[in-house]
Each structure stands twice: as structure tokens, then as C-alpha cells.
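A, B, ... follow the sequence lines: proteins, then strands. Residue 1 opens every chain. What you are looking at is a predicted structure, and each value in this text was computed from that prediction instead of being measured.
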There are 4 protein chains.
Amino acid sequence: MSVSLDSLASGRRAVNRKNNRDAILDAARDVFAEIGYGGTTVRDIIRRTNLASGTFYNYFDSKEAVFNALSEEIGTELRQLLRDVRQRATSFDGFIEAMFLTYFSYYANNRENYMLTRSNRGRDGMNEVMQGPQVHAGFAELSDDIRQAIAEGVIPQLDVEFLTASLGGVAFSILDEMMEREPLDPEAAEQFATLLSMTGVRGNGG
Amino acid sequence: MSVSLDSLASGRRAVNRKNNRDAILDAARDVFAEIGYGGTTVRDIIRRTNLASGTFYNYFDSKEAVFNALSEEIGTELRQLLRDVRQRATSFDGFIEAMFLTYFSYYANNRENYMLTRSNRGRDGMNEVMQGPQVHAGFAELSDDIRQAIAEGVIPQLDVEFLTASLGGVAFSILDEMMEREPLDPEAAEQFATLLSMTGVRGNGG
Amino acid sequence: MSVSLDSLASGRRAVNRKNNRDAILDAARDVFAEIGYGGTTVRDIIRRTNLASGTFYNYFDSKEAVFNALSEEIGTELRQLLRDVRQRATSFDGFIEAMFLTYFSYYANNRENYMLTRSNRGRDGMNEVMQGPQVHAGFAELSDDIRQAIAEGVIPQLDVEFLTASLGGVAFSILDEMMEREPLDPEAAEQFATLLSMTGVRGNGG
Amino acid sequence: MSVSLDSLASGRRAVNRKNNRDAILDAARDVFAEIGYGGTTVRDIIRRTNLASGTFYNYFDSKEAVFNALSEEIGTELRQLLRDVRQRATSFDGFIEAMFLTYFSYYANNRENYMLTRSNRGRDGMNEVMQGPQVHAGFAELSDDIRQAIAEGVIPQLDVEFLTASLGGVAFSILDEMMEREPLDPEAAEQFATLLSMTGVRGNGG
DNA sequence: CATGAATGAGTATTCATTCAT
DNA sequence: CATGAATGAATACTCATTCAT
């Protein structure tokens, strides 16, 4: 008897713990997206929750900590998708194309994460254009891909860091433009990004 | 004693008014650059000044107002430079090239304004990738230029908004990369940006 | 599994109850000594224990309650020692001497209790120079002894309360001084305390 | 005109500043005395004042800072009195006697400072029986006096630190006892303290 | 117009205590 | 009886802004 009770208890507790953590994360995601990281207060977050103020601190140490958890979540998700792309890629062109499409599609399908990412940009000491640690890691992987493509003679010997930054810049800026349009069209965004990146303004696009 | 001072006032006041305003702007520029917009308090700003806290409000309504004034200053300066470029341009290629060089050189020569611009990115409600009202205006002009180039058949019929955003994105991201290098090399940055923008990765660069 | 444990419970529980209570008391003694009564939190105490926070309240009602239990423990121990002294005493001089020696030796041998006593002094509403209820009780007994000594003509007719307080004050202040010296020398402390108390500065000491 | 206005202004300001500071100190003195240092909150202090909460921090950095200011005030006052005593003293006996009388009288006439001193005892890290920095300094001076008296052969070669501590202990403990009596009788307290200190229990008192 | 003290709403965080399991 | 998550009251301190001088 007491065995089953105990195991029930611990099970329920674990579930509840998970639920509460998720509730906080969900609330935080919304608030950050709505009023930005800087403007968000811990009170704003818990207010959107059934929890008491103190409960927040059972799960996260600070506002920054929740934010990092969210960033990590998105970054990990996105980076995994991009790794899958990398593995399936058979050509550099196809790789870049798939990367852009994956990237734009991800945010098209997760608008709240897009909003969060934008609010990210405002964190103090986080003013690298929009680079949390996750983005940084993603860029490092991209740099490696570029280096390899250069080594294999697939693309010319360009400045790797400049190119990495540029591709990121193109992705970010087109993402912002795409998110303002209705309906969302990740394919169109991808096509433009690919075209510009691969052949430039002079390319046979249009 | 203060009576004689008073009698000098009318002339001196105008000067002083300008001086005080400038003192606040200078202090603000430094503080924003150092500790970011979010972290900066009005007290931080006036502390770097000989003025009293209340005096701040004789010149600006709020922290945001000083920031906007600074942004406007930079934006106006930069936009004027870019207009000069536009007027002197004889070809689209030359125009883009000169735009990039002017842009990179400006920040290379005004590091504190670069820092300020970065801190800008973090403002709440200012999370458009990097768009203060000035940047917005600058982008509008660039869009016009692009539209005209398309109309004249100088470049293919690309999506104007996407292209404008992309050029901005490339500029911003390469700027960040450039500012981390020593020595600062605006020419190298310009060459890369131009090459990528005009001919893409596939271009005969390297 | 837990069923068989349950059947052992009735015997084991009593043991465990004692163990847990002692574990809490031990932890509390250390923490109070280290960071003082005011700074100590209930969490600090249970953290040094294998127990859960809620368990604390199965044994004590509050931080104050543990503290009182510890005080009582020390007070009871010390008072018992002093009662033994009283019983063995054959003269007032010998009584005082033995009292001091017992007192100083006790704390020399139980430094953590000394630390605890010091932290005691800081309790709110416990600001009588150094008087927990135990000390109060001890003082009452000492007052009786003094009264009796006066009645028996062994010592002059001094103000009993003043004298009791003074002997306590001398004891406390010399204890503090003694505890700062290395090595601890309760005999020296006792000799000084006795000399001063019995014959004053003018005594033939030195 | 503007001169007189200006000087009036700065004068009034200074007065007001002084008044506010004093108001805070007075309120703090009362609260500390009533509910002890540990239990006192900054809010408790400003609540007894007409000032706003933020105003507190225009004058003091923290609760500790006000307390230190008060302690210093009392300590300085008392030490000055004791220095006067020292200068007027013509014999060691007379010196000790006058010291005790001054000490007891001071607190008899400043009950709120007595209460404050008692609350002092409870500060964390301030658990030396009741020694703020002021008391410490006072003790150092007393030690010097004792050393000199020994050097001059006026009193036997006693352990100076023990004796200093003991005189302090006697003073403190008798003070506590005295303050509980009605009416306050500093002379009686002084006589007892002097008698005990100089001739001990065996003295010809009573 | 300059001053700088006063204001008081606002925020992060802690902690003793409760209570469902 | 043990557990430890949830609670929410409480506190210190900051800061933009006002306003009397």
C-alpha cells in the first residue's frame, strides 16, 4: 500500500514540477515577446501563471536564467534542424538553400520564438547583433562548413568570418522583412536569400 | 555679485544653454556606449556633467529623448554623407561601393557612435533589427535608389524590400565583424560587402 | 519493501525521533555559533542535516524554539555543575573560586557553546546583558547564596542584586578575554576573577 | 536682490537638511531602543518621520549606517566626558570613582541612549559583549590609564586586559541593574561599583 | 534658468511556514 | 512521521521626475 502511494506521490510531484516549470517558461516566452527582455519583470512573468511569486525562484534564479533557458531551447532546436540539413546536403548550393529554408520556416512556424529572438537583441552585454550563445555556436558550425567548401574548391577563397557574418546578416534582415508580410512565405524569402548570397545583385534573378 | 552676473546673462545664457545641452549629449553618448541603453540611468548621465539632476529636464524630457537626439544626430550626419555619395555616383556599382565605404569609414572614425548604435539595438520597442527612425529614413532612400536602378534596367527586377533589407543586413553584420579586428580596415570591409552584394559567393572573388 | 520497514517502525521510530532531534540541535548549534542567531535561517540549519525542511517543524516550532532548547541544554548542564560546586563548598571564598573555575572551564572545554552564548546576546528581546532564562535562574541561585553568606556574617551587608550582577559581569567579561587568548587558561582567568571579586584592585595580587 | 534670495535659499536648505538628518536619527534612536537593531527595518525608521522612504537614502546608506552614526554620537559624547574626568583626576581612586559616576549618570540622564546601547549588543559581528568601535576605543584609553597606574606603583601589577575587561563588565552589569530600579540612583551604583572594584567583596563595605 | 533634495512607486529576492503526497 | 514544493508577506534599495528656493 504505502509503496504504491509513495510511487504515486513522487510521480505526481515530478509531473507537477515539470508543469510548473513549463508554465513559467511559457509565460516568460510570451512576456519577453510582448514587452521585450528589458521591460519584463519577474512579476510580469509569474502574474501570467497561477503560481506565487516565491515559486518562481524554485525553478529559476533570475529573469536572466529563464531567458537563457528559453534561448537555449530555441537555439538547440534550431541548431538540430540545421545539423540535419547539413547531413542531408549533397552540394554547397543545396546546403545553403536548405539552411535558409529551414531557418525561415522555423520562425514562420514559431512566431513567438521569433518575437523572443528579437527581444533577445536588447539584452545588455548581448548586443552582438542578435547573438546569444546558441547563435554563436551555430555560426561556428557554419564557419566550419564554409572553410570546408573553400578547401574543397567549391567556392572561392573568401574571408570566412566576413562571409559567415554576411550570411547571418542576410538571414536576419530578410527574416525581419518576411515576418512583416502576410501571408508568411518562407520559400520566397529563401529564394531571395539564396539568390543574393550565391549570385549577388548581378545574378540572373528577377 | 550675482547681480552683475545677471546683467551679463542674456548673452551668456544662450551660450550656456548650448553648452549645457552639448555637455549632456556628450556625457550620454559615452554612458550609452559604455553600459548600454538599458543599463544607463539619467543619474549616470548627469553625474558625468557639472550639472544638477534637475537641469537635465530643462533640456530633455527623458532618457529616451536624449537617446533619440543622439540617434538623430548620427543618423543625420550619416545620411548626409550617403546623400553626397548618391549625388556623386555615376554607376549603380560605384554607388553601392561608395555607400559601403562611406558607412564603414564613418563608424571606423567614430567608434563611440558605433558603440551607441549597438546599444541602440537593445532598446525596447526599438527591436527592429537595427532601425532607429533615422535608419528607417535612410533605408527608404536606399529603396528609392534601388527602384530607380531597376526601372533603368541597371539591375534585375528583384524584390526591393528584400534587397534593401539584405544590403542593410550585410552592412551591419560586416560592420560588427570589422570593428572587432585590429587594425580597422574599412576598405577591406567595403570590398567584401560589395563583392558579396554584387556577385554573391559564386563571384570571382577571393 | 516499505511494508517491512513499517513493521520495524514502532521501535525504530523512537530512536529515529531522537536522532533527528539531535541532528537538528547539532546543526543549529554549529550554525548559530558560526553566523550568529540573527543571521541564521531555518534553512541554514536543515541544510546541515539530511532532513527535509518540513521535518524541522515536527521537532521545533521555530528558530527561536531550537535556540531556546540549546540554551536550556547549556544552562541546565552548567547549572548542574554549579550546584555540585555549591554542595561541595566549605567556605564562601572556596565557593566563589570553584564557581569561577567551573564556569571558565566549561566554556574552555565547549567552545561551540561559548560561541552560541555570544550569539545569544544578540537576540531580540534577549538583550539583557547576557541573560537567557537559564542564566536568570542561575543568577537567582547565586543571589540566594549571597544572601545566606550575608546572613551568616561571612561577607559584609552588600547590595545583593548589585553584587550578583557584578559577579556575573566579571565572569562574562573575563570569559571573553580568556577565550581570545592562546592557550586557553581557565585557572588564570579564575584566579584573576576571584582576586578582583574578593579583594578588588587594592588586593595584594600581582 | 538675487543675492539675498540665494543666500536665504542655501541657508534654508542647510537647515532643512540638518533637520531631516536629525529627524531620521531621532526616529532611529527610538526604534532601535524599542525593538532592537535586528528587528528594526528601515521602513520602521522612516515611518516615524514625515519623510518619504527614498529620502532615507539621501542621508544614510543603510540601516547599519544610521546605527553607526548613533553609536558614534553616543560614544564620542561619553568618551569626551570620560576624558574630562581623566584630566581632572588627582588620584587613581578618585579617577575610577569619577569614571563610574560619569558613566552611570550619563545613561541615567539619557535613557534612550541606554536602550540603544543595549540594542547594540545584538548586532551581528558586534557580539563582543557590548562593544561598538567607540567602546573599544574607550577601553583602550582605560587600559592605558591602568598601565600607567601600575607603572607608578599606585596599584599592583595586575593583568591589564583582564582588569580592563572586568571594570567594563562591572560597569555594564551594574548599569543594567541600576536602570531597572526606581528612582535611578547613579551615586549608589557608583559607590557599589567603586567599592567592589577597589576592595572586593571583602572590602569594608555594607 | 540652475539647483539638488524629496518623492514614492516599483523590483528582485528571501524566508518562515504550510500542506498535499 | 518525512518530504520538499508552494506560498506570499516582507524588505532593502533604486530611480525618474518634481518643485521650492
Take atom [atom1] of [X] and atom [atom2] of [N], then tell me their distance rounded to the nearest Å.
X     : N      : atom1 : atom2 : answer
C:I35 : E:dC15 : CD1   : C1'   : 13 Å
B:F56 : F:dC15 : CZ    : P     : 14 Å
B:N19 : E:dA2  : CG    : P     : 11 Å
C:N20 : F:dC1  : CG    : C1'   : 9 Å
C:Y57 : E:dT17 : OH    : P     : 4 Å

Subject >> Pairing residues for C:D26 by the side-chain hydrogen bond (donor to acceptor under 3.5 Å, both in side chains) criterion, not counting sequence neighbours >> reply: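 Result, side-chain hydrogen bond (donor to acceptor under 3.5 Å, both in side chains) vs C:D26: C:R29.
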Subject >> Contacts of type side-chain hydrogen bond (donor to acceptor under 3.5 Å, both in side chains), residue B:R43, not counting sequence neighbours >> reply: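 Here no residue qualifies.
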Subject >> 5′-ward residue of the pair C:G54/D:K63 relative to DNA chain F >> reply: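 Comparing both residues, the 5'-ward one is C:G54.
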Subject >> A:N58 or D:D61, whichever maps to the more 5' nucleotide of DNA chain F >> reply: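 Going by which nucleotide is closer to the 5' end, it is A:N58.
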Original post:
What nucleic acid atoms does B:F60 come within less than 4.0 Å of, heavy atoms only: base, sugar-phosphate, or nothing?
Top reply: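 Contact class for B:F60: none.
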**OP:** Using a 4.0 Å heavy-atom cut-off across all strands, classify B:T41 as base, sugar-phosphate, or nothing.
**Re:**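 It contacts sugar-phosphate atoms only.
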**OP:** Whenever both distances are under 3.5 Å in a Watson-Crick or G-U wobble pair, mark it; put DNA chain F into dot-bracket that way, with [ ] for crossing pairs and | when the partner is on another strand.
**Re:** .||||||||||||||||||||
**OP:** Could you please name the option among F:dA5, E:dT14, F:dA12 that lies closest to any side-chain atom of A:Y59?
**Re:**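 Output: F:dA5.
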Subject >> Partner set under side-chain contact (heavy atoms from CB on, under 4.5 Å) for A:I46, not counting sequence neighbours >> reply: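 Listed in chain order: A:S53, A:F56.
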**OP:** Please identify each residue that fulfils side-chain contact (heavy atoms from CB on, under 4.5 Å) with D:L25, with sequence neighbours left out.
**Re:**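 With sequence neighbours excluded, D:L25 shows a side-chain contact (heavy atoms from CB on, under 4.5 Å) to D:R21, D:D22, D:F60, D:V66, D:A69, D:L70, D:E73, given in chain and number order.
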Roughly how far apart are [X] [atom1] and [Y] [atom2], rounded to 0.5 Å?
X     : Y      : atom1 : atom2 : result
B:I74 : B:Y114 : CD1   : OH    : 12.5 Å
A:D30 : A:M115 : CG    : CE    : 11.0 Å
C:N50 : C:N19  : CG    : CG    : 11.0 Å
C:I45 : C:L51  : CD1   : CG    : 12.0 Å

Original post:
What are the residues of residues 42-53 of chain D, sorted by number, that bring a heavy atom to within less than 4.0 Å of DNA chain E?
Top reply: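 Going residue by residue through residues 42-53 of chain D, the ones with a heavy atom under 4.0 Å of DNA chain E turn out to be D:N50, D:L51, D:A52, D:S53.
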Original post:
Which ones in residues 23-31 of chain B lie close to DNA chain E, meaning a heavy atom under 4.0 Å from one of its atoms?
Top reply: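 Residues of residues 23-31 of chain B that come under 4.0 Å of DNA chain E do not exist, since none gets that close.
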Original post:
Partners of C:E112 by salt bridge (charged side-chain N to carboxylate O under 4.0 Å, His left out), sequence neighbours excluded?
Top reply: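 Not a single residue meets the salt bridge (charged side-chain N to carboxylate O under 4.0 Å, His left out) criterion with C:E112.
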**OP:** Can you sort out the partners of B:D44 under salt bridge (charged side-chain N to carboxylate O under 4.0 Å, His left out), two or more places apart, ordered by chain and number?
**Re:**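 Here the qualifying residues are B:R47.
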Original post:
Toward the 5' end of DNA chain E, which comes first, C:T55 or A:S62, by nearest nucleotide?
Top reply: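 Comparing both residues, the 5'-ward one is A:S62.
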**OP:** Could you label the plane-to-plane angle of the A:Y37 and A:F32 rings as parallel, tilted or perpendicular, counting under 30° as parallel and over 60° as perpendicular?
**Re:**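 Taking A:F32 first and then A:Y37, their aromatic rings lie parallel (interplane angle under 30°).
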